[in-house]
Structures are given as structure tokens and as C-alpha cells.
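These notes concern the structure reproduced below.
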Amino acid sequence: NPHFEEIDLHDFTVRLSDKLRFGVAKDHFVHVKAKGEVLINTDVQFLQSVLINLIENACKYSPKESDINIVIEKKKESVSLSIQDVGPGIPEKDRKKIFSKFYRAENEETRTNKGTGLGLYIVKELLTRIKGSITVKNHLPNGSIFIISLQNKRDE
């Protein structure tokens, strides 16, 4: 079960992306952009799993030495964190299905990249448990943007 605690999403994401710089993101440039601190109540382990999975995917499908941009924005009722890559993107017909169990978009990139088709399904499940959601859209001219929405910190 999730254990909720208050964290600064900006600081948390910067520290996580610094760690990944020596692992899954070693061939890419990960940039985190936010305006100051962004406080949320979340489960740190769940959120970390979600972000590692999405950053790993962004790196796996993007050309070496390309930029992965993570943008954190405060909205009125929520906080959004978007991960933007410059990979091949996800065809319109696949976008609704990519969060389903075992689903993998059929294109050259996914055939050459190993995967179980569980990553995005798990991401969606974990986000549901911490009262979050995820959507995807095209990053023009090429690539994908995965947008996570999380609840703002509320004083209870």
C-alpha cells in the first residue's frame, strides 16, 4: 500500500535524474525544468518507479546524445510532470492501448528493443494508487510527451 509523504517534486526529480545519468540515461542529456519548489503528497517508491520507467523508455527510443526534457508545472488543483523525448513517437492508433497489459506498439523500434510490454501498464497502475494519471501526446516534430498528473499538496 502507498505511504504518502510530502516531497518537493522538483528536487526529487533532479536527484533521480542525476542518479540515472550513470545508468539508463548515460547516453542522453536529461534536463529538469521547474519554477521553484513543487510540493506534493505522494509515495516516494511508487513515484520513483514511475519516473525511472518513463525516463528509461525515453532513452531507449531516442537517438543517442539527444535531450530528454522533464518539465514540472504547478496547476491549480494538480501538478503536471511531462517527459519529452525525440524518438519515433507513438502512432495515434496505439496511444490508447499502450497502457494495457503486454501491449507493444508494432514498429521497427519496438522490435529491436527488448521489453515485456508491462512497463507502461505498471506505470499506470502505480499512478492510480497514488491518485495520479498519465496521458501521452506527440512531441513535434518528432517524439513523445508522457504527461503525469499528480494531486497538489493539500493541508488535511
Side-chain angles (χ1 to χ4, degrees), residues 1-21 23-25 28-63 66-101 103 105 109 115 117-156:
N1 281 344
H3 167 74
F4 287 87
E5 60 186 286
E6 181 182 297
I7 63 161
D8 175 359
L9 183 60
H10 180 209
D11 179 58
F12 177 80
T13 308
V14 167
R15 282 187 289 133
L16 181 63
S17 65
D18 282 346
K19 277 188 212 145
L20 297 179
R21 197 165 286 153
V24 299
H28 296 81
F29 303 105
V30 180
H31 310 281
V32 181
K33 299 169 185 169
K35 293 184 176 90
E37 70 172 14
V38 181
L39 297 179
I40 60 168
N41 268 330
T42 193
D43 181 293
V44 174
Q45 296 305 118
F46 285 26
L47 185 61
Q48 181 171 303
S49 296
V50 163
L51 293 181
I52 288 172
N53 205 306
L54 292 173
I55 293 167
E56 195 171 2
N57 270 359
C59 293
K60 186 159 63 169
Y61 294 111
S62 293
S66 63
D67 292 321
I68 309 291
N69 289 313
I70 302 173
V71 181
I72 299 168
E73 290 177 283
K74 265 189 216 180
K75 308 258 161 86
K76 196 171 177 176
E77 291 291 313
S78 64
V79 170
S80 84
L81 181 148
S82 57
I83 298 177
Q84 309 169 351
D85 67 53
V86 291
I90 297 161
E92 186 86 46
K93 68 179 176 53
D94 292 324
R95 269 188 241 149
K96 291 258 188 298
K97 301 178 209 155
I98 58 170
F99 299 105
S100 306
K101 209 171 192 172
Y103 186 79
E109 291 292 321
L118 276 174
L120 291 174
Y121 169 75
I122 291 168
V123 160
K124 187 174 192 284
E125 288 298 302
L126 288 174
L127 282 168
T128 302
R129 293 179 69 182
I130 56 173
K131 302 178 179 80
S133 61
I134 185 166
T135 54
V136 65
K137 65 180 189 181
N138 273 349
H139 185 205
L140 300 171
N142 58 330
S144 301
I145 304 177
F146 282 86
I147 303 144
I148 295 172
S149 182
L150 298 162
Q151 286 187 340
N152 250 339
K153 170 166 172 7
R154 286 201 181 75
D155 299 316
E156 282 157 28

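Counting from 1, the numbers follow the sequence of the chain as shown. Because only heavy atoms are used, hydrogens play no part in the values below, and waters and symmetry mates are left out as well, while side chains stay in.
Taking all atoms of both residues into account, the shortest heavy-atom contact from Pro63 to Ser66 is O-OG, 2.6 Å. Across every non-hydrogen atom of Phe99 and Leu120, the tightest pair is CD2-O, 3.6 Å. Gly89 approaches Ser144 most closely through the heavy-atom pair CA-OG, 3.4 Å.
Partners of Gln84 according to the side chain to side chain contact (heavy atoms under 4.5 Å, CB included) rule, which considers only residues two or more places apart in sequence or in another chain, are Asn69, Val71, Ser82, His139, Ile145. Judged as a side chain to side chain contact (heavy atoms under 4.5 Å, CB included), and not counting sequence neighbours, the contacts of Ser133 are Ser149. Residues satisfying the side chain to side chain contact (heavy atoms under 4.5 Å, CB included) criterion with Lys75, sequence neighbours excluded, are Glu73, Ser78, Ser80. Applying the side-chain hydrogen bond (donor to acceptor under 3.5 Å, both in side chains) test to Asn138 and every residue at least two apart in sequence or in another chain returns Arg95. Residues satisfying the side chain to side chain contact (heavy atoms under 4.5 Å, CB included) test with Val32, not counting sequence neighbours, are His10, Thr13, Val14, Ser17, Ile70, Ile72. Residues forming a side-chain hydrogen bond (donor to acceptor under 3.5 Å, both in side chains) with Arg15 (at least two apart in sequence, or on another chain): Asp11.
Using a 4.5 Å heavy-atom cutoff, the side chains of Leu16 and Leu47 are not in contact. Counting heavy atoms from C-beta on, the side chains of Asp18 and Arg21 come closer than 4.5 Å. Annotation: side chain of Ile148 is not in contact with side chain of Val79 (no heavy-atom distance under 4.5 Å). Taking 4.5 Å as the limit, some side-chain heavy atom of Phe146 sits within range of a side-chain heavy atom of Ile90.
Of the inter-residue distances, the one linking Tyr121 atom OH with Ile98 atom CD1 reads 15.0 Å to the nearest 0.5 angstrom. Within the model, atoms CG of Asn41 and CD1 of Ile130 stand 11.0 Å from one another, a figure rounded to the nearest 0.5 Å. Atom CG of residue Asn53 and atom NZ of residue Lys60 lie 8.5 Å apart, to the nearest 0.5 angstrom. Atoms CD1 and CG, from Ile40 and Leu81 in turn, are 8.5 Å apart once rounded to the nearest 0.5 Å. Rounded to the nearest 0.5 angstrom, Asp43 CG and Asn1 CG are separated by 9.5 Å. Separating the CZ atom in Phe4 from the CZ atom in Arg129 is a distance of 9.5 Å, to the nearest 0.5 Å.
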Before giving the answer on side chain to side chain contact (heavy atoms under 4.5 Å, CB included), spell out for Leu54 and Ile134 the whole-Å C-alpha distance, their side-chain angles and the decisive distance to 0.1 Å. CA-CA 11 Å; Leu54 292 173; Ile134 185 166; 3.8 Å; yes
Set out, in order, the CA-CA distance, both residues' side-chain angles and the distance that settles side chain to side chain contact (heavy atoms under 4.5 Å, CB included) for Leu51 and Ile83, then state yes or no. CA-CA 9 Å; Leu51 293 181; Ile83 298 177; 4.3 Å; yes
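In this structure a side-chain-to-backbone donor-acceptor pair under 3.5 Å is missing from Lys74 to Leu39. Checking side-chain atoms of Asp85 against main-chain N and O of Gly143 turns up no donor-acceptor pair under 3.5 Å. Looking at His28, its side chain never comes within 3.5 Å of a backbone N or O of Ile68 through a donor-acceptor pair.
Within 6.0 Å of the CD atom in Glu5, the count of heavy atoms belonging to other residues, nucleotides or ligands exceeds 12.
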